[in-house]
Amino acid sequence: MFQSKRNDLLAGLVIAILLTLFVNFSFLMRWFEHSSMGEQVSSGGPANVYFLYFSLGWFFVFSFVIFLFHSSVYKMGNRLRIKREFKSFLFTTGITLVLAFLLIQLYPVLQQLILEEMLDIQPPRPAGWGGGGGTRPPEGPHEPFPDAPMPFFKPLRPSPFPRMLVTEHIFVLTTIILLVQLIRMLNTRQEMMLEVERLKTEKLQTSYNALMGQINPHFFFNSLNGLNSLIRGEEKEKTLTYLDELSQVFRYILQSNKKELVTLAEELQFVKAYTYLLSVRYEGKLFFSIQADPPTLLSYLPILSILPLIENAVKHNVISKQHPLQIDIYTTSGNMLMVSNRIQLKNELTPSSGIGLKNLWGRYRMLTGKDIVISNRKEYFKVSLPLLDKLPRT
């Protein structure tokens with residue numbers, strides 16, 4: 001919050017200085033021109049300089065106050081939960097216009113109080129006043145003005161609503177409103193980008209955590225049971241093979257937090273180890289077919305993308321001697337990997353939440369920029385996974 005206030009003050013200071021110089025640019029140029037030529041500033045001595053100083057100071061204060069007030073009202077609108085940008089803009093602009101109107105009314109009062117009352121300075125008169133045949137000013141407490149050339153600028157002796165004064169203030173006010181709106185849009189865009197990055201990081205972490213939970217805890221228990229059965233059956237060669245495949249599965253899963261994308265060859269090597277364990281568990285009931293064109297083996301996909309699809313098929317379909325389940329994994333034209341199984345759903349009491357597929361879809365979209373395609377038509381459930389020819393730029 002402190003940083004935000006400091007940024008607002010700095011932005012308001014810079015904008016106020018620039019607008020002040022812009023509004024008084026012609027006056028400043030004339031002043032520099034006369035100063036460089038060594039001429040008198042005006043017929044009234046320092047009068048023009050004081051009016052210039054007053055104009056510079058006034059527009060600086062006016063711009064600075066309006067900027068800070070307009071920004072603060074925007075934040076107040078946010079606290080009042082004015083969510084729609086159009087309503088927020090109208091609310092903020094309306095209140096700012098009221099303040100600007102009051103400040104404009106204050107301008108002639110301050111000018112008279114500071115310049116005419118405190119400094120006893122009258123606005124410079126144009127040429128032709130005083131001696132030399134011109135029209136003389138009315139008699140009053142001040143001495144007649146001597147003959148003098150036209151001053152480098154003619155300060156307006158303000159009336160309640162002088163046209164030039166109002167035009168300058170409207171220009172400053174409009175510029176500030178547009179600048180605040182632009183700054184607000186840029187800040188909103190930056191906040192959105194930071195929020196997207198934060199959500200992306202959180203989602204990646206959540207995806208990884210969910211991914212690690214994709215393997216049913218019962219799988220480890222069942223794997224140990226399968227190993228125990230092989231040991232009791234004294235099937236030494238098969239037991240050793242089972243241990244090798246199980247260790248490969250564990251190693252691949254434990255290394256998955258260090259990688260995001262892997263080649264299809266790496267993923268299929270893991271899948272073959274994993275499906276071997278399932279084949280031992282569902283011996284004679286669960287079958288796999290894995291076919292991939294050699295050129296596609298060097299393509300990339302998110303790590304552990306096939307695992308949730310196999311788990312999904314095993315979880316929701318009947319697997320028995322009477323109804324064996326076949327899961328096909330193969331590549332197709334268009335650099336796609338297809339995972340397909342025949343639909344023979346269990347009579348489940350609770351419907352599927354689809355979390356596994358949603359997690360896979362979100363992770364795939366985030367890491368590759370592509371969508372998976374799910375087909376649940378006729379007798380087969382199919383999921384198409386796009387493959388990448390090369391790693392995306394980070």
Exercise. Got a donor-acceptor contact below 3.5 angstrom from the Asn312 side chain to the Pro308 backbone?
Worked result: no

Problem set entry | Phe22 and Phe171: CA distance, side-chain angles, deciding distance, ring pair (Phe, Tyr, Trp, His ring centres under 6.0 Å) verdict | CA-CA 10 Å; Phe22 185 82; Phe171 169 78; 5.2 Å; yes

Problem set entry | Nearest-0.5 Å distance, CG of residue Leu388 to OG of residue Ser299 | 8.0 Å

Exercise. How about Trp58 and Thr20: do any of their side-chain heavy atoms sit closer than 4.5 Å?
Worked result: no

Problem set entry | Side chain proximity check, Leu337 to Ile306, heavy atoms < 4.5 angstrom | yes

For this session: Take Tyr276 and Val249, measure what side chain to side chain contact (heavy atoms under 4.5 Å, CB included) needs, and give me the verdict at the end.
Result: CA-CA 10 Å; Tyr276 176 82; Val249 169; over 6 Å; no

For this session: Using atom types as modelled and distance alone, determine if a side-chain donor or acceptor of Thr296 lies under 3.5 Å from a backbone N or O of Asp293.
Result: yes

Exercise. Do you reckon Leu9 sits in the same ILVMFWY cluster as Val14, going by side-chain contacts under 4.5 Å, direct or chained?
Worked result: no

Exercise. If you round to the nearest 0.5 Å, how far is CH2 of Trp361 from CD1 of Ile372?
Worked result: 9.0 Å

For this session: Find out whether Leu325 and Phe287 are in side-chain contact, i.e. whether some heavy atom of one side chain is under 4.5 Å from a heavy atom of the other.
Result: no

Problem set entry | Interatomic spacing from OG1 in Thr263 to CD in Gln269 - rounded to 0.5 Å | 9.0 Å

Exercise. Are Glu266 and Lys259 within salt-bridge range, i.e. N to O under 4.0 Å?
Worked result: yes

Exercise. Are side-chain heavy atoms of Phe59 and His169 found at a separation under 4.5 Å?
Worked result: yes

For this session: Give the C-alpha distance, both sets of side-chain angles, the deciding distance and a yes or no for side chain to side chain contact (heavy atoms under 4.5 Å, CB included) between Val271 and Ile329.
Result: CA-CA 10 Å; Val271 169; Ile329 303 171; 3.8 Å; yes

Exercise. Excluding sequence neighbours, so at least two apart, what forms salt bridge (Lys or Arg N to Asp or Glu O under 4.0 Å) with Lys285?
Worked result: none

For this session: Look at the side-chain heavy atoms of Ile, Leu, Val, Met, Phe, Trp and Tyr, link any pair under 4.5 Å apart, and say whether Leu106 and Phe60 land in one connected group.
Result: yes

Exercise. Is it the case that one hydrophobic cluster holds both Leu103 and Val61, taking links as side-chain heavy atoms less than 4.5 Å apart, direct or via other members?
Worked result: yes

For this session: May I ask you to check whether Phe381 and His316 place their ring centres under 6.0 Å from each other?
Result: no

Problem set entry | Side-chain (Arg363) to main-chain (Ile303) donor-acceptor, under 3.5 angstrom | yes

Problem set entry | Validation row: Tyr364, Pro386 side chains within 4.5 angstrom (heavy atoms) | yes

Exercise. Atom CD of Gln181 and atom OG1 of Thr92: how far apart are they, to the nearest 0.5 Å?
Worked result: 8.5 Å

Exercise. Can you check whether Phe67 and Phe62 have ring centres sitting under 6.0 Å from each other?
Worked result: no

Exercise. Are side-chain heavy atoms of Pro302 and Glu260 found at a separation under 4.5 Å?
Worked result: no

Exercise. Between CG of Leu264 and OG of Ser305, what distance do you get to the nearest 0.5 Å?
Worked result: 10.0 Å

Exercise. Do Tyr252 and Glu267 have side-chain N/O donor and acceptor atoms under 3.5 Å apart?
Worked result: yes

Exercise. Transitively linked via ILVMFWY side-chain contacts under 4.5 Å: Ile343 with Ile327?
Worked result: yes

For this session: Using a strict cut-off of less than 4.0 Å between a Lys/Arg side-chain nitrogen and an Asp/Glu carboxylate oxygen, indicate whether Lys238 and Glu283 qualify as a salt bridge.
Result: yes

Exercise. Do the non-hydrogen side-chain atoms of Ile319 and Val314 ever get within less than 4.5 Å of each other?
Worked result: yes

Exercise. Testing Thr175, Leu173, Leu179, Val180 for side chain to side chain contact (heavy atoms under 4.5 Å, CB included) with Ile177, which one passes?
Worked result: Leu173

Exercise. How far apart are the C-alpha atoms of Thr331 and Gln291, what are their side-chain angles, what is the distance that settles it, and do they pass the side chain to side chain contact (heavy atoms under 4.5 Å, CB included) test?
Worked result: CA-CA 7 Å; Thr331 55; Gln291 298 179 357; over 6 Å; no

Exercise. Between Phe54 and Tyr107, does a ring pair (Phe, Tyr, Trp, His ring centres under 6.0 Å) hold up when you go through it step by step?
Worked result: CA-CA 10 Å; Phe54 177 80; Tyr107 177 90; 5.4 Å; yes

Exercise. How far apart are the C-alpha atoms of Thr368 and Tyr300, what are their side-chain angles, what is the distance that settles it, and do they pass the side chain to side chain contact (heavy atoms under 4.5 Å, CB included) test?
Worked result: CA-CA 9 Å; Thr368 68; Tyr300 293 89; over 6 Å; no

For this session: Can you measure from CG (Asn187) to CZ (Arg184) and round to the nearest 0.5 angstrom?
Result: 9.0 Å

For this session: Classify the side-chain pair Asp328/Asn341 by whether it contains a donor and acceptor separated by less than 3.5 Å.
Result: no

Problem set entry | Test ring pair (Phe, Tyr, Trp, His ring centres under 6.0 Å) applied to Tyr330 - qualifying residues, sequence neighbours left out | none

For this session: Side-chain contact test, heavy atoms from C-beta onward, threshold under 4.5 Å: evaluate it for Met338 versus Val383 and give yes or no.
Result: no

For this session: Would you confirm whether Gln344, through its side chain, and Val318, through its main-chain N or O, come within 3.5 Å as a donor-acceptor pair?
Result: yes

Exercise. Are Leu309 and Met336 linked, directly or through other ILVMFWY residues, by side chains that come within less than 4.5 angstrom of each other?
Worked result: no

For this session: For Glu195, look at atom CD and say whether over 12 heavy atoms of other residues, nucleotides or ligands are found less than 6.0 Å away.
Result: yes

Exercise. Looking only at atom types and distance, does a side-chain atom of Thr93 sit under 3.5 Å from a main-chain N or O of Leu90, one as donor and one as acceptor?
Worked result: no

